[in-house]
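Report on one structure; see the data block that follows.
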Amino acid sequence: MLPKAYDPQGTEDRIYKMWEESGAFKADASSDKESFTVSMPPPNATGQLHLGHAVMLALEDIFIRFARAQGKEALWLPGTDHAAIATESVVIKKIQEEEKIPDPRASLGREELIKRIAHFVSESQDTIRSQVRKMGSSCDWSRERYTMDKSLNRCVNEVFTKMYKDGLIYRGHRIVNWDPKMQTTVSDDEIEYREEKAPFYTFQYGPFQIGTSRPETKFGDKYVVMHPDDPRYEKYENGDQFECEWINGKIKANIIKDKVIDMEFGTGCMTITPWHDHVDFDLAERHELDKEQIIDFEGKLLPIADEFAGMPIEEARTKIVEKLDKKGLLVSTDEDYVHRVAVSYRGKGKVEPQIKEQWFIDVNKPVIEWPSSAKATGGKKKKNMSLKEVMQDVVRSGDIKIIPDRFGKVYFHWIDNLRDWCISRQIWWGHRIPVWHKEDKDSKKMHVGVQEPEGDGWKQDPDTLDTWFSSGLWTWSTLIDPDLADDHSLSLQDLLDKSPDFQKFHPTSVMETGYDILFFWVARMILMTTYATGQIPFETVYLHGLIRTRDGAKMSKSDPSSCIDPLEIIPKYGADALRLSMIVGQSPGNDSRLFEEKIAGYRNFVNKLWNASRFVLMTCENEGVDPHEVESLKVEKSKSLSLADRALLSALQDVIEDVTKGLEEYRLSEVGERLYSFIWDYFCDWYLELSKGQANCDVLVHVLRTIVKLLHPYCPFVTEELWAQISSDDSGILMKQLWPEVDKKLKDQKSQDELQIVIDVITAIRSIRADNGLDQGAKLEVIIHTKDHVDLLESQRDHIMRMGRLSDLKIDAVSVQHENAASMFLKGIEVHVPLEGAIDVDKEKAKLAKEKESLEKFLKGINSKLGNERFISSAPEDVVKLERDKLKSVKEKLEKVDERLKVLG
RNA sequence: GGGUGGUUAGCUCAGUUGGUCUAGAGCGUCUGGUUUACACCCAGAAGGUCACUGGUUCGACUCCAGUACCACCCACCA
């Protein structure tokens, strides 16, 4: 016999091991079945899984288990990401703290540091693997990938080379975000802003007053810019020159007029520093101005600063202000000025714009033919598209569907503002740029290719690639056969053609991830994959929201008290309960809040199902039935089923229908609720209670088996554990079972309606008892007066008596005031109990009259709609059909109302 | 400055193209309960003018416009 409460801790690991050993996670590329693929967003190999990962795993596991049960060849490919900057900075910090080495890069050197990082990564991969298992994820471990795998590196190099040859990758001097702490560039999307209070100074600059919070960048300033329409500076012309006293003596300055200046801000004019500011850089490009570097890559001032050369920014700032003040050039200081400082998203260091030679991807160059392969789902072939245009095209055409669709807008807006993507990083951890340089006495040579070129003296470019470059290839580079990675006679196209997994499983079906990395990752996958493979990376993008605390705050690692750690929750409540608590009540794209009571609630539900199953097993035992020997067929043919049985089987068909449709449409929250309430409110609270009178083990077992199948994607562990108790002998494990199909023969709306009447009667008796302060123990005698339901209620006499706790029950076939109502007499008190509708004749009449009126109006509305030719011709067929159905049902209702009004006189 | 989402019971949230919603659930609260599984339970109850103002409609929580507040995203801040 099963224990009284479900024990997740004693169950889950055992079940997971059983699944894994059964081979049920493995997908077969040679199968004829329709494929369904999910690429797991690879967690960063830097540490622990958090709730964000848990949501992702739960959602994807539901998709994949459902697809598998539907008979599809389902592949869920797991993996981890090397997370370039994030990982390198974590390890460097660790070494600094643990080994007291202030500058690990300099002390250890490239090779040793990479070795250390690789060691760290492999440890953290082990933790991640075990954590992913804890969630019950049914992913194919035999295909696990890592973004730094050899075969993935091959793909990276192939794509880089291809892009370079197509002129989509170029090298150039451009302003980039420089992180002096990590000594690397950072992409625009990896920057966040922090508010900071810093003094804002106004200086006298010749005849002008200029404002700045960064005096240390002002050495090279020889341009002063103002708006062309600013009346205050009317007398100055673009290009005018003047001489003025500045930090280190007299300088020659030029006047520039440009519309980017905000006349309202400060004095309406400013000096510019093109080397260290994005806007200034653009402005300088437009007006062809000189650019000069003031701050070096360590964050110290250069010789241009004279006496300040070599000073770090912060120190120099105050000293420069002092000097200008002495010179009488400081006009005012605003100590309370708040401005936003750019900070690296990964390394958390302040970002300093710098001009540097970097590698870029040109997103506007029109050289792409799309779709490039016959397998792609796109429309007609178009030529000369840019990367940007392809990215827009695949979403606009509907080839890629984004859920929720409003994120499509966000996506387009982002693409509109997209600038060339800087892909080189000056860190060591990552895919090294496949470029080799050779310097002779009089010539510089460069080789771009998949492999190191022949001959001596070639040195590989020291830079690595942005981590999103390789993750952009994730959906397909993971499907390339690793055995082909070393065969350099193969082209990129050959690699794709010769990899069975790619042929079978790409494009993938769903990309499920948080909306916060729509730009970082989803957009980049679309860009890289369409270009490299000619296929879209995925058909559907499902974006989940963030999980927040009860108060709506973000769960942050820095504040552990605010965090719910999946690893603490799982042993306490079980992975199934955690999964439910994150899925139900969560709609895609919207944040949701999670707290322990909510998880406890779903733990209770899991336990409820557990006990319902125990009850079924006990009942079977009492009846001498072995649940393993129950055949589903018996249920279908049996005509001697009780009303409750017929109603339940019919309701079950509705559930199968709703759940299947809901899952196909990715409405996971609704489906979860539907199952929850069916199991608890209907199956347990009514059916099991009714069955205590007359149990039909065939039906009990059949229904429980179906329930367990339907719930399995949400709660894989309990359901599998229960399945072992109730499955027929030869059927095998639950996760390999096929999805239940609706059996139309079992649909029986009449039984459902009739059972509802019985339920209403029982409920009425219960509420009368409560209303009259009669406790549960008191035995009651009840007389039901009814006109139409005598036979029905008579047949359910036992149930009504038992569940209403009655000592006696009389059912009288008398004509009551009007149909569909019954009255009851309790202990001499007459109590009217509606079965449906009210009993007070006047009230009833008034209500019916009102209903009639509104129905007539409704009818008029629909008639006018259907009579409108424009509506008929323009509306889709199903909409018109819907209206016609409405018309029909309204007419029927109206007839019923009329009939009842007649009865009432 | 541009954009997106939210505002429904004390709390957390559902509500599928406007019409069985006379607005639901879970938690919490209150009352009662040793019922052939389950106190991680059972039976009941209280609690909402669906943020506000207009509009469209025979009919609006649902569609449109505007207002207020909250949250987030993008851009800019010399």
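In the text below, chain A, chain B and the rest are named by the order of the sequence lines, each starting its count at 1.
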Which atom pairs link the protein and nucleotides 73-78 of chain B when you take only N or O atoms and keep those under 3.5 Å?
unit_1 : atom_1 : unit_2 : atom_2 : d
B:C76  : N4     : A:R340 : NH1    : 2.1
B:C76  : N4     : A:R340 : NH2    : 3.1
B:C77  : O2'    : A:Y337 : OH     : 3.3
B:C77  : N4     : A:R340 : NE     : 3.1
B:C77  : N4     : A:R340 : NH1    : 3.2
B:A78  : O3'    : A:G211 : O      : 2.0
B:A78  : O3'    : A:T212 : N      : 2.8
B:A78  : O3'    : A:T212 : OG1    : 3.2
B:A78  : O2'    : A:G211 : O      : 2.8
B:A78  : N6     : A:D262 : O      : 3.0

Next on the checklist: Between the base of B:A37 and the side chain of A:E689, is one N or O donor paired with an acceptor at under 3.5 angstrom?
Outcome noted: yes
Item to check | Rounded P spacing from B:U22 to B:U17 in Å | outcome: 15 Å
Next on the checklist: Nearest to the side chain of A:A612, heavy atoms from C-beta on, is which of B:A37, B:G26, B:C40?
Outcome noted: B:A37
Item to check | RNA chain B base-pair string [pairs: Watson-Crick or G-U under 3.5 Å; |: paired with another strand] | outcome: (((((((..((((.....[....)))).(((((.......))))).....(((((..]....))))))))))))....
Next on the checklist: Holding to side-chain hydrogen bond (donor to acceptor under 3.5 Å, both in side chains), I want the full list of residues that pass it with A:D681, two or more places apart in sequence or in another chain.
Outcome noted: none
Item to check | Inter-nucleotide C1' distance (B:C63, B:G24), Å rounded | outcome: 22 Å
Report, one pair per line, the protein and nucleotides 6-8 of chain B atoms (nitrogen or oxygen only) whose separation is under 3.5 Å.
none

Checklist outcome for this item: 5'-most contact on RNA chain B (nearest-nucleotide basis), A:R406 vs A:R802, goes to A:R406
Checklist entry - Whole-Å distance between B:G26 P and A:E670 CD? => result 17 Å
Item to check | Sequence neighbours excluded - side chain to side chain donor-acceptor pair (under 3.5 Å) pairs with any residue from residues 590-601 of chain A | outcome: A:R406-A:N590, A:Y515-A:D591, A:R548-A:D591, A:R550-A:E597, A:K572-A:E596, A:Y573-A:E596, A:Q586-A:S592, A:S587-A:N590
Next on the checklist: Please report the distance, rounded to the nearest Å, between CZ in A:R614 and C1' in B:U36.
Outcome noted: 12 Å
Checklist entry - What integer distance in Å separates A:I759:CD1 from B:G44:P? => result 11 Å
Next on the checklist: What's the gap between B:G19 and B:U4 when it is taken at their C1' atoms, as a whole Å value?
Outcome noted: 31 Å
Checklist entry - Distance check: side-chain N/O of A:K4 vs OP1/OP2 of B:C38, anything under 4.0 Å? => result yes
Item to check | Which residues share a side chain to side chain contact (heavy atoms under 4.5 Å, CB included) with A:N607, sequence neighbours left out | outcome: A:A5, A:Y6, A:W610, A:N611
Checklist outcome for this item: Contacts of A:K388 meeting side chain to side chain contact (heavy atoms under 4.5 Å, CB included) (sequence neighbours excluded), chain-then-number -> A:V363, A:N364, A:S386, A:I415, A:L418
Checklist entry - What pairs with A:Y223 under ring pair (Phe, Tyr, Trp, His ring centres under 6.0 Å), at least two apart in sequence or on another chain? => result none
Item to check | Near-strand residues of residues 594-603 of chain A, defined as heavy-atom separation under 4.0 angstrom from RNA chain B | outcome: A:F595, A:K598, A:R603
Item to check | Nearest-Å distance for atom pair CG/C1', residues A:L688 and B:C42 | outcome: 13 Å
Next on the checklist: The criterion is side chain to side chain contact (heavy atoms under 4.5 Å, CB included); which residues satisfy it with A:K222, sequence neighbours excluded?
Outcome noted: A:N254, A:D290
Protein-nucleic acid N or O pairs under 3.5 Å, nucleotides 69-71 of chain B:
none

Checklist outcome for this item: Those residues at least two apart in sequence (or on a different chain) that pass side chain to side chain contact (heavy atoms under 4.5 Å, CB included) with A:K218 are A:T212, A:D221, A:W246, A:I247, A:T271, A:T273
